[in-house]
Amino acid sequence: MKKKLRVGVIFGGRSGEHEVSLLSAASVLKAIDPARYEVVPIGITKQGLWVVSNDAERLLTGDFPDAGPSALRAGDPQHTAPAAVLAKGKGVIVPPMPAEGSGGSLVPFERPASSLSPAHDVLHLDVVFPVLHGTFGEDGTMQGLFELAGLAYVGSGVLGSATGMDKEVMKRLFLAAGLPITRHVTFLRREWEQSPKKTIARIESALKYPLFVKPANLGSSVGISKAHDRKELGPAIDQAAGFDRKIVVEQAVGGRGNRSRMGKARELEVAVLGNDEPVASVVGEIVPGKEFYDYEAKYLSEGSQAIIPAKLTKKQSRQVQAMALDAFRACDCAGLARVDFLLEAGDSGRLYLNEINTMPGFTSISMYPKLWEASGMKYRDLISRLIELALERKAEQEQISYSR
């Protein structure tokens, strides 16, 4: 019988999307094919401690307490199997060096972490699935560690992950590729703190209300707010500045003027899968239950609606899919990504590329797996394909010579 691949599923992390990661990982652990893979659940606490559980089989069979009242629409993250790993797991570290042979390894240590004394045999991994969203997981930092450790891993590399996280750099790459984006202004938190009036004047001279104010580096719409006028702009900037040193302000798509006169833009999404020859899913549409698709609309409140496939003409669908693949290549992505668009209201509305997400949510209500299911790929098969792509990318990297 063919030996199972040992897959490390990493979740949690220090970002503001920690709870979403727990729910995404719970879905992956439940759906991954146990006939093909031996799973090693690896958690990262909010304090940055890495832990591993000996209860992998219990995690796969879901033999943990049922969830109580839901904190998020996809479930209560504290009642998931990943939460149990964080609470009871044994500490591990990832050595920043390749292991002997193929794959990589984790070195357990006795808690507390301060001693870092080896405790048990090294744990070998064939591939890593980092189900991590946001800072310290999706931004290239974790991917750099995997590269140093010689590990195959799901998703984009250091560059693709970093550019996919930084909205300002992402927009520069989109522009260089000739892709249409919304008008925007970028500035640093220091500029805002030292010269708030000058910063607002710069924004108002370049853009028209309403505006979206975003931290440049974060996902799941954390820290994003909509400012309809100058009175709302200052607090919106303060909120975004609490999550990042760089702030992006975008002009809303759909028209200009006050709330009553402004046409509402349609929010479209495409799932991309592949490495050098990526493919695009059918196009989906999100109809937010609130004024825009913020963190609360995504995970806390009811009312948001996913329409798959989106009601578009064939020409529009092909345009969106082609632009999604162009965005994927522009950011040097690999494995997977979800690409988001804004379509102006009306029959002749213009299409704008909004952003790319290199590790989209995998919860039961997430668009990425839903889009592929509508395209004919089941969730379990999608997970297997992502693992295959990780191994393919690793095999290609091993052909590279790093010395003369």
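Side-chain atoms are counted along with the backbone in the values below, which use heavy atoms only and exclude waters and symmetry mates. The structure presented is a predicted model; accordingly, all values stated were derived computationally and were not measured. Here, residue 1 is the first one in the sequence, and each next residue gets the next number.
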If only side-chain N and O atoms count, and only distance matters, is there a donor-acceptor pair under 3.5 Å linking [Y] with [X]?
X: Q397; Y: E147; answer: yes
X: S15; Y: H133; answer: no
X: W372; Y: D381; answer: no

Q.
Rounded at 0.5 Å granularity, tell me how far CD1 in I32 sits from OG in S384.
A.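 The distance works out to 7.0 Å.
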
Q | Inter-residue atom distance L342.CG - L353.CG, 0.5 Å rounding | A | 9.0 Å

Does the distance from a Lys or Arg side-chain N to an Asp or Glu carboxylate O, for [X] and [Y], drop under 4.0 Å?
X: R393; Y: E398; value: no
X: K214; Y: E250; value: yes
X: E232; Y: K226; value: no
X: K246; Y: E168; value: yes

Q: Report the C-alpha separation of V213 and Q239 in whole Å, then their side-chain angles, then the decisive distance to 0.1 Å, and conclude whether the side chain to side chain contact (heavy atoms under 4.5 Å, CB included) test is met.
A: CA-CA 9 Å; V213 183; Q239 177 178 315; over 6 Å; no

Q | Check: S375 side chain, V282 main-chain N or O, donor-acceptor pair, under 3.5 Å | A |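 Confirmed, S375 side chain pairs with V282 backbone.
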
Q) Just wondering, do F136 and R14 contact through their side chains at under 4.5 Å, heavy atoms? A)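 When only atoms from C-beta onward are counted, F136 and R14 do touch, with a gap below 4.5 Å.
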
Q) Considering only heavy atoms from C-beta outward, does the side chain of V339 approach that of L325 to under 4.5 Å? A)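 V339 does not reach L325 side chain to side chain.
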
Q.
Using the rule given for side chain to side chain contact (heavy atoms under 4.5 Å, CB included), can you reason through L336 versus F328, listing the C-alpha separation, both sets of side-chain angles and the distance that settles it, and then say yes or no?
A. CA-CA 9 Å; L336 74 162; F328 189 86; 5.8 Å; no

**Q.** NZ or CZ of R338 within 45° of Y368 ring axis and under 6.0 Å
**A.**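 No, a cation-pi geometry is absent between R338 and Y368.
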
Q: Determine, stepwise, if the pair T186 / I247 fulfils side chain to side chain contact (heavy atoms under 4.5 Å, CB included).
A: CA-CA 6 Å; T186 304; I247 297 94; over 6 Å; no

